[in-house]
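Heads up: the structure comes next, in C-alpha coordinates.
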Amino acid sequence: MTGKIYKSTGSWYVVKTTDGELWDARLKGVFKLDGITSTNPLAVGDDVELEPEPGEARTAVITEIHDRRNYINRQSPSHRLQHHIVAANIDQSLLLVTLKEPRTSQGFIDRWLVTCEAYHVPAILLFNKADLYRAKEEEKFAAFRDMYSAIGYRVFRLSVRTGEGLDVVKALLQGKVSLLSGHSGVGKSSFLNALFPAMNLKTHEVSGWSGKGIHTTTFAEMFDLPAEASAKAAAPAGRIIDTPGMREFGLVDISKQELSGYFPEMRVLAGECQFNNCLHVEEPGCAVKKAVEDGRIHPERYISYCHILGSIEPVY
Ligand SMILES: Nc1nc2c(ncn2[C@@H]2O[C@H](COP(=O)(O)OP(=O)(O)OP(=O)(O)O)[C@@H](O)[C@H]2O)c(=O)[nH]1
Ligand SMILES: [Mg+2]
Ligand SMILES: [Zn+2]
(Lines give C-alpha, C1' and ligand atoms only; values in the text may rest on other atoms or scores of the structure.)
(Ligands and ions follow the chains in the order given, each with its own letter.)
Protein backbone atom coordinates (compact mmCIF):
# COMPACT_ATOMS: atom_id res chain seq x y z
CA MET A 1 0.00 0.00 0.00
CA THR A 2 1.11 3.55 -0.70
CA GLY A 3 0.27 6.38 1.67
CA LYS A 4 1.15 9.82 2.95
CA ILE A 5 2.12 10.67 6.52
CA TYR A 6 -0.53 12.93 8.07
CA LYS A 7 0.75 12.96 11.63
CA SER A 8 3.92 11.95 13.42
CA THR A 9 4.31 11.56 17.15
CA GLY A 10 7.93 10.42 16.92
CA SER A 11 7.40 6.69 17.21
CA TRP A 12 3.99 6.34 15.58
CA TYR A 13 2.71 7.75 12.36
CA VAL A 14 -0.78 8.25 11.03
CA VAL A 15 -0.71 7.42 7.33
CA LYS A 16 -3.48 8.01 4.83
CA THR A 17 -3.43 5.48 2.01
CA THR A 18 -4.23 6.38 -1.58
CA ASP A 19 -7.75 5.02 -1.08
CA GLY A 20 -8.31 7.47 1.79
CA GLU A 21 -8.04 5.10 4.78
CA LEU A 22 -6.12 6.07 7.92
CA TRP A 23 -3.60 3.61 9.36
CA ASP A 24 -1.46 3.69 12.47
CA ALA A 25 2.02 2.85 11.34
CA ARG A 26 5.50 2.44 12.74
CA LEU A 27 8.96 1.93 11.38
CA LYS A 28 10.45 -1.50 11.65
CA GLY A 29 13.94 -1.78 13.13
CA VAL A 30 16.63 0.75 12.35
CA PHE A 31 15.75 2.91 9.41
CA LYS A 32 18.54 4.98 7.94
CA LEU A 33 18.19 7.76 5.45
CA ASP A 34 21.23 8.65 3.39
CA GLY A 35 23.02 11.71 4.59
CA ILE A 36 20.50 12.99 7.09
CA THR A 37 21.05 12.84 10.84
CA SER A 38 17.64 13.73 12.05
CA THR A 39 15.68 13.32 15.25
CA ASN A 40 12.81 12.19 13.02
CA PRO A 41 13.62 10.12 9.95
CA LEU A 42 10.11 10.56 8.57
CA ALA A 43 7.95 13.64 8.65
CA VAL A 44 4.46 14.80 7.85
CA GLY A 45 4.07 14.92 4.08
CA ASP A 46 6.34 11.96 3.38
CA ASP A 47 5.09 9.37 0.92
CA VAL A 48 5.67 5.82 2.13
CA GLU A 49 5.02 2.16 1.42
CA LEU A 50 3.14 0.19 4.07
CA GLU A 51 2.48 -3.42 4.92
CA PRO A 52 -0.41 -4.38 7.19
CA GLU A 53 0.58 -5.93 10.53
CA PRO A 54 -0.91 -9.40 10.66
CA GLY A 55 -3.60 -9.77 13.29
CA GLU A 56 -3.90 -6.07 14.10
CA ALA A 57 -6.66 -3.88 12.76
CA ARG A 58 -5.53 -0.88 10.67
CA THR A 59 -1.96 -1.15 11.91
CA ALA A 60 0.93 -1.22 9.50
CA VAL A 61 4.68 -1.21 9.17
CA ILE A 62 6.41 1.39 7.02
CA THR A 63 8.79 -0.44 4.72
CA GLU A 64 9.95 2.27 2.35
CA ILE A 65 10.06 6.04 1.93
CA HIS A 66 9.67 7.64 -1.48
CA ASP A 67 12.12 10.33 -2.60
CA ARG A 68 11.24 13.77 -1.26
CA ARG A 69 10.46 16.64 -3.62
CA ASN A 70 11.63 18.97 -0.84
CA TYR A 71 11.47 19.39 2.92
CA ILE A 72 11.94 22.03 5.60
CA ASN A 73 14.61 21.32 8.17
CA ARG A 74 15.42 23.15 11.39
CA GLN A 75 17.71 22.72 14.35
CA SER A 76 16.14 20.25 16.76
CA PRO A 77 14.75 22.15 19.77
CA SER A 78 16.07 19.42 22.10
CA HIS A 79 19.41 18.44 20.49
CA ARG A 80 21.32 21.41 19.09
CA LEU A 81 23.47 19.26 16.85
CA GLN A 82 20.60 17.40 15.26
CA HIS A 83 18.10 18.31 12.62
CA HIS A 84 14.39 18.13 12.82
CA ILE A 85 12.41 17.76 9.62
CA VAL A 86 9.35 19.97 9.95
CA ALA A 87 7.53 18.66 6.87
CA ALA A 88 8.19 17.17 3.44
CA ASN A 89 6.78 17.63 -0.06
CA ILE A 90 5.25 21.08 0.38
CA ASP A 91 4.26 23.73 -2.18
CA GLN A 92 4.42 26.80 0.04
CA SER A 93 5.23 27.88 3.53
CA LEU A 94 3.10 30.33 5.50
CA LEU A 95 4.47 32.13 8.54
CA LEU A 96 1.94 33.57 10.95
CA VAL A 97 3.47 36.68 12.51
CA THR A 98 2.12 38.78 15.38
CA LEU A 99 3.29 42.21 16.49
CA LYS A 100 2.00 41.67 20.03
CA GLU A 101 0.62 38.82 22.16
CA PRO A 102 3.20 37.42 21.40
CA ARG A 103 5.68 39.61 19.50
CA THR A 104 7.47 37.97 16.58
CA SER A 105 10.95 39.43 16.04
CA GLN A 106 12.38 40.32 12.66
CA GLY A 107 15.28 37.99 13.38
CA PHE A 108 12.87 35.07 13.65
CA ILE A 109 11.08 36.05 10.43
CA ASP A 110 14.36 36.39 8.53
CA ARG A 111 15.73 33.04 9.72
CA TRP A 112 12.57 31.38 8.61
CA LEU A 113 12.69 33.16 5.22
CA VAL A 114 16.32 32.09 4.75
CA THR A 115 15.31 28.47 5.36
CA CYS A 116 12.45 28.70 2.84
CA GLU A 117 14.88 30.17 0.28
CA ALA A 118 17.43 27.44 0.98
CA TYR A 119 14.85 24.72 0.36
CA HIS A 120 13.24 26.56 -2.60
CA VAL A 121 9.84 26.76 -0.94
CA PRO A 122 7.81 29.92 -1.68
CA ALA A 123 7.23 31.88 1.54
CA ILE A 124 4.22 34.00 2.51
CA LEU A 125 3.95 36.24 5.58
CA LEU A 126 0.60 36.51 7.34
CA PHE A 127 0.39 39.24 9.99
CA ASN A 128 -2.35 38.10 12.37
CA LYS A 129 -4.19 39.76 15.26
CA ALA A 130 -4.66 42.99 13.25
CA ASP A 131 -7.59 43.75 15.58
CA LEU A 132 -5.00 44.47 18.29
CA TYR A 133 -3.05 46.99 16.23
CA ARG A 134 -2.88 50.53 17.64
CA ALA A 135 -0.93 53.39 16.04
CA LYS A 136 2.44 51.87 16.98
CA GLU A 137 1.61 48.45 15.50
CA GLU A 138 0.03 50.00 12.38
CA GLU A 139 3.30 51.79 11.77
CA LYS A 140 5.33 48.62 12.35
CA PHE A 141 3.08 46.58 10.12
CA ALA A 142 3.38 49.14 7.30
CA ALA A 143 7.17 49.11 7.66
CA PHE A 144 7.36 45.29 7.54
CA ARG A 145 4.92 45.11 4.63
CA ASP A 146 6.92 47.62 2.59
CA MET A 147 10.26 46.04 3.44
CA TYR A 148 9.22 42.47 2.60
CA SER A 149 7.06 43.19 -0.42
CA ALA A 150 9.88 45.26 -1.95
CA ILE A 151 12.01 42.09 -2.07
CA GLY A 152 9.26 39.91 -3.50
CA TYR A 153 7.51 38.32 -0.53
CA ARG A 154 3.74 38.31 -0.33
CA VAL A 155 2.49 39.95 2.86
CA PHE A 156 -1.07 39.77 4.16
CA ARG A 157 -2.80 41.39 7.09
CA LEU A 158 -5.27 39.22 8.98
CA SER A 159 -7.44 39.01 11.98
CA VAL A 160 -8.79 35.62 12.84
CA ARG A 161 -10.94 37.36 15.43
CA THR A 162 -12.72 39.78 13.06
CA GLY A 163 -12.34 37.74 9.87
CA GLU A 164 -10.28 40.45 8.11
CA GLY A 165 -8.26 39.06 5.23
CA LEU A 166 -9.34 35.45 5.66
CA ASP A 167 -10.95 35.00 2.25
CA VAL A 168 -7.87 36.25 0.44
CA VAL A 169 -5.65 33.78 2.28
CA LYS A 170 -8.12 30.95 1.86
CA ALA A 171 -7.84 31.42 -1.89
CA LEU A 172 -4.04 31.03 -1.65
CA LEU A 173 -4.42 27.57 -0.17
CA GLN A 174 -6.50 26.08 -2.95
CA GLY A 175 -4.90 23.08 -4.60
CA LYS A 176 -1.61 23.43 -2.70
CA VAL A 177 0.15 21.72 0.17
CA SER A 178 0.86 24.53 2.66
CA LEU A 179 2.96 24.46 5.80
CA LEU A 180 1.78 26.77 8.58
CA SER A 181 4.42 27.93 11.09
CA GLY A 182 4.95 30.56 13.77
CA HIS A 183 5.52 31.10 17.47
CA SER A 184 3.19 29.46 19.94
CA GLY A 185 0.05 31.55 20.44
CA VAL A 186 0.11 33.45 17.12
CA GLY A 187 -3.18 31.78 16.18
CA LYS A 188 -2.25 28.97 13.75
CA SER A 189 -4.92 26.56 14.96
CA SER A 190 -7.47 29.37 15.37
CA PHE A 191 -6.73 30.44 11.80
CA LEU A 192 -7.47 26.95 10.47
CA ASN A 193 -10.61 26.68 12.57
CA ALA A 194 -11.83 30.03 11.23
CA LEU A 195 -11.19 29.01 7.63
CA PHE A 196 -12.48 25.49 7.97
CA PRO A 197 -14.80 25.20 10.98
CA ALA A 198 -15.15 21.45 10.47
CA MET A 199 -11.54 21.01 11.61
CA ASN A 200 -12.27 21.87 15.22
CA LEU A 201 -8.63 22.03 16.31
CA LYS A 202 -7.65 22.58 19.91
CA THR A 203 -6.59 26.18 20.58
CA HIS A 204 -5.34 27.98 23.59
CA GLU A 205 -8.41 29.74 25.00
CA VAL A 206 -7.83 31.37 28.36
CA SER A 207 -8.56 34.90 29.46
CA GLY A 208 -5.45 37.03 29.82
CA TRP A 209 -2.30 36.59 27.82
CA SER A 210 0.74 35.44 29.73
CA GLY A 211 3.14 36.28 26.91
CA LYS A 212 4.59 32.77 27.22
CA GLY A 213 3.97 30.08 24.64
CA ILE A 214 1.66 27.35 25.83
CA HIS A 215 2.13 25.01 22.85
CA THR A 216 -1.41 23.79 22.49
CA THR A 217 -0.54 21.93 19.32
CA THR A 218 2.05 19.29 20.18
CA PHE A 219 2.61 17.45 16.89
CA ALA A 220 2.62 18.55 13.29
CA GLU A 221 -0.49 17.34 11.53
CA MET A 222 -1.74 17.56 7.98
CA PHE A 223 -5.39 18.18 7.07
CA ASP A 224 -7.25 17.83 3.81
CA LEU A 225 -9.00 21.07 3.01
CA PRO A 226 -12.71 20.62 2.61
CA ALA A 227 -13.77 20.86 -1.03
CA GLU A 228 -15.21 24.22 -2.03
CA ALA A 229 -18.81 24.05 -3.21
CA SER A 230 -17.80 26.08 -6.26
CA ALA A 231 -14.70 24.03 -7.10
CA LYS A 232 -14.63 21.52 -9.90
CA ALA A 233 -15.03 18.03 -8.51
CA ALA A 234 -11.73 16.88 -9.97
CA ALA A 235 -9.65 19.69 -8.46
CA PRO A 236 -8.04 18.71 -5.16
CA ALA A 237 -8.91 21.29 -2.48
CA GLY A 238 -5.41 21.23 -1.04
CA ARG A 239 -3.79 20.28 2.24
CA ILE A 240 -2.45 22.25 5.16
CA ILE A 241 -0.03 21.30 7.92
CA ASP A 242 -0.59 22.76 11.38
CA THR A 243 2.59 22.74 13.48
CA PRO A 244 3.43 23.27 17.16
CA GLY A 245 4.69 26.76 18.00
CA MET A 246 8.43 27.35 17.70
CA ARG A 247 10.36 29.49 20.13
CA GLU A 248 13.47 29.75 17.98
CA PHE A 249 14.22 28.89 14.42
CA GLY A 250 17.73 27.43 14.25
CA LEU A 251 19.25 27.20 10.78
CA VAL A 252 20.92 24.03 9.64
CA ASP A 253 23.29 23.21 6.80
CA ILE A 254 23.78 26.82 5.67
CA SER A 255 27.35 28.08 5.41
CA LYS A 256 28.49 31.68 5.89
CA GLN A 257 29.44 31.77 2.23
CA GLU A 258 25.99 30.69 1.08
CA LEU A 259 23.94 32.92 3.35
CA SER A 260 23.64 36.03 1.16
CA GLY A 261 22.32 33.79 -1.64
CA TYR A 262 19.25 33.29 0.53
CA PHE A 263 18.58 37.03 0.82
CA PRO A 264 16.90 37.77 -2.55
CA GLU A 265 17.98 41.43 -2.51
CA MET A 266 21.63 40.35 -2.01
CA ARG A 267 21.45 37.40 -4.38
CA VAL A 268 20.85 39.75 -7.33
CA LEU A 269 24.20 41.40 -6.58
CA ALA A 270 26.13 38.12 -6.63
CA GLY A 271 29.39 38.52 -8.49
CA GLU A 272 29.45 42.32 -8.24
CA CYS A 273 31.70 42.52 -5.18
CA GLN A 274 35.43 43.03 -5.65
CA PHE A 275 36.19 39.68 -3.98
CA ASN A 276 34.27 36.64 -5.12
CA ASN A 277 34.25 35.17 -1.59
CA CYS A 278 32.96 38.45 -0.11
CA LEU A 279 30.85 38.01 3.04
CA HIS A 280 29.72 41.66 2.75
CA VAL A 281 31.06 42.71 6.14
CA GLU A 282 34.56 44.23 6.19
CA GLU A 283 35.68 43.68 2.63
CA PRO A 284 36.50 46.63 0.34
CA GLY A 285 34.59 47.06 -2.92
CA CYS A 286 31.47 45.35 -1.57
CA ALA A 287 28.39 45.77 -3.77
CA VAL A 288 26.04 44.76 -0.94
CA LYS A 289 27.34 47.40 1.46
CA LYS A 290 27.15 49.95 -1.36
CA ALA A 291 23.49 48.97 -1.92
CA VAL A 292 22.76 49.42 1.81
CA GLU A 293 24.31 52.91 1.66
CA ASP A 294 22.30 53.79 -1.47
CA GLY A 295 19.06 52.58 0.12
CA ARG A 296 18.57 49.68 -2.32
CA ILE A 297 18.91 47.18 0.55
CA HIS A 298 16.93 47.84 3.70
CA PRO A 299 19.31 48.49 6.64
CA GLU A 300 17.22 46.25 8.93
CA ARG A 301 17.62 43.35 6.54
CA TYR A 302 21.36 43.95 6.38
CA ILE A 303 21.55 43.99 10.19
CA SER A 304 19.60 40.74 10.26
CA TYR A 305 22.03 39.27 7.72
CA CYS A 306 24.99 40.24 9.93
CA HIS A 307 23.36 38.67 13.01
CA ILE A 308 22.62 35.42 11.22
CA LEU A 309 26.11 35.38 9.69
CA GLY A 310 27.59 35.75 13.17
CA SER A 311 25.53 32.83 14.45
CA ILE A 312 26.77 30.38 11.80
CA GLU A 313 29.62 28.17 12.96
CA PRO A 314 32.63 28.36 10.65
CA VAL A 315 33.54 25.10 8.90
CA TYR A 316 37.16 24.00 9.30
N1 LIG B 1 -6.99 39.24 19.38
C2 LIG B 1 -6.80 38.17 18.61
N3 LIG B 1 -6.55 36.97 19.18
C4 LIG B 1 -6.37 35.91 18.37
C5 LIG B 1 -6.43 36.01 16.96
N6 LIG B 1 -6.17 34.79 16.44
C7 LIG B 1 -5.98 33.95 17.47
N8 LIG B 1 -6.11 34.61 18.65
C9 LIG B 1 -5.97 34.04 20.00
O10 LIG B 1 -4.62 33.64 20.23
C11 LIG B 1 -4.58 32.53 21.13
C12 LIG B 1 -3.67 31.43 20.61
O13 LIG B 1 -4.28 30.83 19.48
P14 LIG B 1 -3.89 29.36 18.93
O15 LIG B 1 -4.68 29.19 17.67
O16 LIG B 1 -4.01 28.33 19.97
O17 LIG B 1 -2.34 29.57 18.60
P18 LIG B 1 -1.31 28.54 17.92
O19 LIG B 1 -0.46 29.35 17.01
O20 LIG B 1 -2.04 27.39 17.32
O21 LIG B 1 -0.46 28.07 19.18
P22 LIG B 1 0.39 26.68 19.37
O23 LIG B 1 -0.51 25.56 19.05
O24 LIG B 1 0.80 26.72 20.80
O25 LIG B 1 1.57 26.79 18.46
C26 LIG B 1 -6.03 32.12 21.34
O27 LIG B 1 -6.47 32.63 22.57
C28 LIG B 1 -6.77 32.76 20.17
O29 LIG B 1 -8.11 33.04 20.45
C30 LIG B 1 -6.72 37.31 16.39
O31 LIG B 1 -6.78 37.53 15.17
N32 LIG B 1 -6.87 38.35 17.27
MG1 LIG C 1 -1.91 25.36 17.61
ZN1 LIG D 1 30.22 42.01 -0.70
Side-chain angles (χ1 to χ4, degrees), residues 38 43-45 70-77 80 83-100 102-129 140-141 143-145 147-158 169 172-173 176-189 191-192 213 215 217 220 240-256 258-267 298 300-312:
S38 160
V44 170
N70 63 19
Y71 58 93
I72 293 272
N73 213 355
R74 66 185 280 233
Q75 203 173 62
S76 160
R80 282 189 65 81
H83 301 184
H84 182 84
I85 303 165
V86 182
N89 302 319
I90 56 179
D91 295 317
Q92 59 188 11
S93 184
L94 277 47
L95 185 70
L96 222 56
V97 175
T98 43
L99 299 177
K100 61 198 284 194
R103 192 181 77 88
T104 307
S105 69
Q106 192 195 327
F108 181 86
I109 299 172
D110 288 336
R111 282 171 176 273
W112 177 85
L113 288 174
V114 162
T115 296
C116 293
E117 292 288 338
Y119 293 106
H120 304 288
V121 176
I124 300 172
L125 297 174
L126 308 175
F127 284 76
N128 189 30
K129 306 203 185 185
K140 256 181 108 177
F141 168 71
F144 273 135
R145 182 199 51 210
M147 179 171 75
Y148 288 117
S149 43
I151 51 175
Y153 294 113
R154 282 171 291 171
V155 176
F156 296 92
R157 178 194 159 110
L158 291 183
V169 176
L172 293 176
L173 306 178
K176 300 230 160 86
V177 180
S178 306
L179 174 68
L180 186 59
S181 317
H183 284 317
S184 186
V186 295
K188 296 178 295 297
S189 300
F191 167 72
L192 292 182
H215 301 277
T217 304
I240 191 150
I241 303 167
D242 189 17
T243 61
M246 302 180 279
R247 200 173 289 275
E248 303 281 346
F249 196 94
L251 303 181
V252 287
D253 280 348
I254 292 173
S255 71
K256 283 178 186 281
E258 285 171 310
L259 182 64
S260 62
Y262 302 135
F263 279 71
E265 69 275 50
M266 299 187 186
R267 182 165 59 217
H298 199 293
E300 296 291 341
R301 284 278 290 174
Y302 180 68
I303 292 169
S304 223
Y305 167 79
C306 292
H307 282 152
I308 299 173
L309 189 73
S311 72
I312 296 175

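All heavy atoms count here, side chains included; hydrogens, waters and symmetry mates do not.
Residues Thr104 and Phe127 form no side-chain contact, since every pair of their non-hydrogen atoms from C-beta on lies 4.5 Å or further apart. At a threshold of 4.5 Å between non-hydrogen side-chain atoms, the residues Leu251 and Thr115 count as touching. The closest side-chain heavy-atom distance from Leu173 to Gln92 is below 4.5 Å. In this structure, the side chains of Val97 and Asn128 stay at 4.5 Å or more apart for every pair of heavy atoms. Put simply, the side chain of Leu96 does not reach to within 4.5 Å of the side chain of Leu94, judged on heavy atoms. Side chains of Arg301 and Asp110 form a contact here, defined as non-hydrogen atoms less than 4.5 Å apart. Ile72 has its side chain within reach of Val121: a pair of non-hydrogen atoms, C-beta onward, lies under 4.5 Å apart. Side-chain atoms of Val252 and Arg74, non-hydrogen and from C-beta on, never get closer than 4.5 Å to each other.
Rounding to the nearest 0.5 Å gives a distance of 12.5 Å between CD1 of Ile90 and NZ of Lys176. The distance from atom OG of Ser105 to atom CD1 of Ile109, rounded to the nearest 0.5 Å, is 7.0 Å. Note that CG of Leu99 and CZ of Arg103 are 9.0 Å apart. Values are rounded to the nearest 0.5 Å. The CG atom of Asp253 sits 11.0 Å away from the CD atom of Gln75 when rounded to the nearest 0.5 Å. The OH atom of Tyr148 sits 9.0 Å away from atom CD of Glu265, with the distance rounded to the nearest 0.5 Å.
Side-chain atoms of Ser181 do not come within 3.5 Å of backbone N or O of Leu95 as any donor-acceptor pair. Lys129 places no side-chain N or O within donor-acceptor distance of the main-chain N or O of Thr98, the cut-off being under 3.5 Å. A donor-acceptor pair is defined here as one N or O able to donate and one able to accept, closer than 3.5 Å; such a pair exists between the side chain of Lys188 and the backbone of Gly182. A donor-acceptor contact shorter than 3.5 Å is absent between the side chain of Asp91 and the backbone of Ser178. Not a single donor-acceptor pair under 3.5 Å links the side chain of Glu258 to the backbone N or O of Ala118.
Taking the ring-ring contact (aromatic ring centres under 6.0 Å, His included) definition, one finds that Phe108 meets it with His183, sequence neighbours left out. Applying the ring-ring contact (aromatic ring centres under 6.0 Å, His included) rule to Phe263 yields the partners Tyr305; only residues at least two apart in sequence or on another chain are considered.
Across all non-hydrogen atoms, the minimal contact from Ala43 to Ala87 is CB-CA, 4.2 Å. Taking all atoms of both residues into account, the shortest heavy-atom contact from Ala220 to Val44 is O-CG2, 3.6 Å. His84 approaches Asn73 most closely through the heavy-atom pair O-OD1, 3.2 Å. In terms of heavy-atom proximity, Cys116 sits nearest to Ser93 at SG-OG, 3.6 Å. The two atoms that bring Ile254 and Ile312 nearest to each other are O-CG2, 3.4 Å, heavy atoms only. Here the shortest heavy-atom pairing between Tyr153 and Ala123 reads CD2-O, 3.9 Å.
Ring pair Tyr119/Tyr71: centre-to-centre distance below 6.0 Å.
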Inset, instruction - Test Thr243 against Leu180 for side-chain contact (heavy atoms from CB on, under 4.5 Å), laying out the working first. - result: CA-CA 6 Å; Thr243 61; Leu180 186 59; 5.5 Å; no
Legend entry - Worked verdict on Met266 versus Tyr302 for side-chain contact (heavy atoms from CB on, under 4.5 Å): CA-CA 9 Å; Met266 299 187 186; Tyr302 180 68; 4.0 Å; yes
Inset, instruction - Could you check Phe156 against Arg154 for side-chain contact (heavy atoms from CB on, under 4.5 Å), going step by step and ending with a plain yes or no? - result: CA-CA 7 Å; Phe156 296 92; Arg154 282 171 291 171; 3.8 Å; yes
Inset, instruction - Check the pair Leu125 / Trp112 against side-chain contact (heavy atoms from CB on, under 4.5 Å), numbers first and verdict last. - result: CA-CA 10 Å; Leu125 297 174; Trp112 177 85; 3.8 Å; yes
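Within 6.0 Å of atom CD in Glu248, 12 or fewer heavy atoms from other residues, nucleotides or ligands are found, so the atom counts as exposed in its surroundings.
Both tests do not hold together for Arg267 against Tyr262: distance to the six-membered ring centre under 6.0 Å, angle to the ring axis within 45°.
A side-chain N or O of Ser189 and one of Asp242 form a donor-acceptor pair less than 3.5 Å apart. Side-chain contact, Arg111 with Ser304: no donor N or O sits under 3.5 Å from an acceptor N or O.
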